Structures are given as structure tokens and as C-alpha cells.
Amino acid sequence: MKKQVLALALAALMVGSLSACGGSTAETTAAATEAATTQAETTKAEAEKEETTAGEVSTEAPGEAAGGVLTMATNAEFPPYEFHDGGEIVGIDVEIAEAIAEKLGMTLEIEDIAFDSIIPEVDSGKADIGLAGMTVSEDRLKNVDFSEPYTTASQVIIVKNESDIAGPDDLAGKYIGVQLGTTGDIYASDYEEEGSTIERYSKGFEAVQAMMQGKIDAVVIDLEPAKVFVSENEGIKILDEALTVEEYAIAVKKGNTELVEKLNGALAELKDSGELQAIIDKYISAE
Ligand code: GLN
């Protein structure tokens, strides 16, 4: 909102200075109209921007923490790590970030964006950390640094109960749904050589829905969200065989060793105190 007010004030200034330039009235008016139009566009763009960042949630009153703000970029479509619950973004990653921020004396702010925008957001410095069930990979390490891992994960296959797909070999030639830009996407993409078609969705659950509607044959996604989606929907199951072994860690701008060290210090404390396990146990029941 503040940005819009500022943009309006700027437009007023522009129109004012244009009229002050002299010129013919017609010219001035045209220029002023143009400025006003540009302004309208700017305001619209700002409004849209406001909309896309509407997921921002501050967990504390601004200025409460002396250590400043810790901005976390995430994609809150990944239960139980980050998801919407009523008007709030909650989950394992959110609680880990809150606990870390508290230890660092910082205020946590959450930015809910597309999963494949998280690394660019961290890389550009707009967000301090990327915390989104994000797997450490060689490729990602080219663009960001990672903290120590805080948990392990794997990719699994979800199919309809009556599916003839019983394991990864059966994915050949099939329609496979994934979340865009994830390790599931990377894994499944190898099957393109075997005649499979990869359908990429912005949310993992959209892939699951497409499968339930019969548009695709299988979904490759991380185990824990898979468990949530399967428990909330009839007629679908997770195949036993895990496809990968992965580690989730916190992404930080490349070269920001100071922050990585702070995060690792806080994570080590959370591990030692049992707090990290308690957060995980709150969302994932042991089998
Ligand atoms: N662990 C997967 C990855 O890093 C998926 C993460 C996600 O969808 N939030 O790509």
C-alpha cells in the first residue's frame, strides 16, 4: 500500500513538473496524460505485486527483535513442511525458521512464492533464506550455499489404486506429473528418453488432482507431502520403492558464510536440545 501512495505522489510530481516546462498546452496535456497512464500502469503493477506478496506473514510485531528481519522465501504448498492453515502459513520449516530467528534475535518474515523462484530470490538478496523442503543438489550449489541438512527425504511415486504401475520401471512411456523445478521434476525428466511425457504443475497437489482425474498416470513427489495428499484423498496410494535419497537444507546467498555459520549454530542447538525432532514429530507421526 505504501508503495502505491508513493507512486501516486511521484506521478503528481511528474505532472506538476511537466506543466511547469511551458510547451504548448496541447503538448503538456498529452505528456501529462501519458504520465498519468504510465502511472496507472505502475499502480496496477504495484497492486499486482502486492497481491503476489500477500502471503507475507510477520510472526512478530515489526521492530520487536533487535537483530533485524530474517526473510524466508518458501512455497507454502508443501505439507507438512509449509502449507496454509486458515490465514496462516505453518509447518515444519516455518517452525524451524521461527526457532532459528528467535535464537538469532531476529524477526521472521515469510514470503510465499513459486518454488522455482526461491533460489533467484535468495540469489538476488531479496530473501535471506530459502526454506522449502529444498533438497541440496550439485546444480543448486552453483547458485546458492546451503546450511547443514536438517532432515532426509526421498522421492516416491503416487498412483491410483488400480494402476498397472508398480515401480519406477513402469514409468516408461507414461504421463508423469511433477511440481515444476523440483527434484521430482529432475528425476522424472530422465524418463522422457523412454517415451514418457512430463506434466509440470506449479503445485504438487495440482499434479495429484490431475492424476485423480485421469489426465496423467503417476506423480513423482517427496514422500512426506505424498503421505499427506494420499491420506486426504480416496483411491490413490504411494508405491513402496523410494526413488532417491535426499537431504533438505536452508539455502543462503552464495558467499554469505556469516549467515550459514549462524544458521548452522542455531540448527546444532536445535538438534542437541531435541527441539528440532519435536518440531518434526509434531507434524509427522512415526510409523
Ligand atoms: N525436495 C524437492 C526439491 O527440493 C521438492 C521441494 C518442494 O516442492 N517444496 O526440489
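Note that the numbering runs from 1 along the sequence shown for the chain. What you see is a predicted model, and the numbers here were worked out from it, not measured in a lab. Both counts, for ligands and for their atoms, begin at 1 and track the order of listing.
Within the listing of ligand 1, atoms 4 (O) sit less than 4.0 angstrom from a heavy atom of M134. Less than 4.0 angstrom separates some heavy atom of Y248 from each of these atoms of ligand 1: 1 (N). Each of the atoms 7 (C), 8 (O) of ligand 1 lies under 4.0 Å from some heavy atom of Q179. The ligand atoms of ligand 1 that sit less than 4.0 angstrom from a heavy atom of T183 are 1 (N), 2 (C), 3 (C), 10 (O).
The part of R140 lying near ligand 1 is the side chain, judged by heavy-atom distances below 4.0 Å. Of all the heavy atoms of T182, the ones lying under 4.0 Å from any atom of ligand 1 are found in both the backbone and the side chain.
At least one heavy atom of D222 sits under 4.0 Å from some atom of ligand 1.
Between T135 and ligand 1, a contact under 3.5 Å exists for at least one N or O pair. Between F78 and ligand 1, a contact under 3.5 Å exists for no N or O pair. The distance criterion of under 3.5 Å between nitrogen or oxygen atoms is met by A132 with respect to ligand 1.
When only modelled atom types and interatomic distance are considered, T71 and E111 share no side-chain donor-acceptor pair under 3.5 Å. Side chains of Y283 and E95: a donor-acceptor N/O pair is present below 3.5 angstrom, by distance only.
Pairs of residues two or more places apart, or lying in two chains, that qualify as ring pair (Phe, Tyr, Trp, His ring centres under 6.0 Å) and include a residue from residues 212-249 are Y81-Y248, F205-F229. Note on residues 119-131: no pairs pass salt bridge (charged side-chain N to carboxylate O under 4.0 Å, His left out), not counting sequence neighbours.
Salt-bridge check for K262 with E258: passed, with a basic side-chain N closer than 4.0 Å to an acidic carboxylate O. A salt bridge is absent between E247 and R140; no separation between the charged side-chain nitrogens and carboxylate oxygens falls under 4.0 Å.
Among protein heavy atoms, atom 6 (C) of ligand 1 sits closest to G133 O, 3.2 Å.
More than 12 heavy atoms of other shown residues, nucleotides or ligands fall within 6.0 angstrom of atom CG in N161.
Note that CD of E199 and OG1 of T197 are 7.0 Å apart. Values are rounded to the nearest 0.5 Å.
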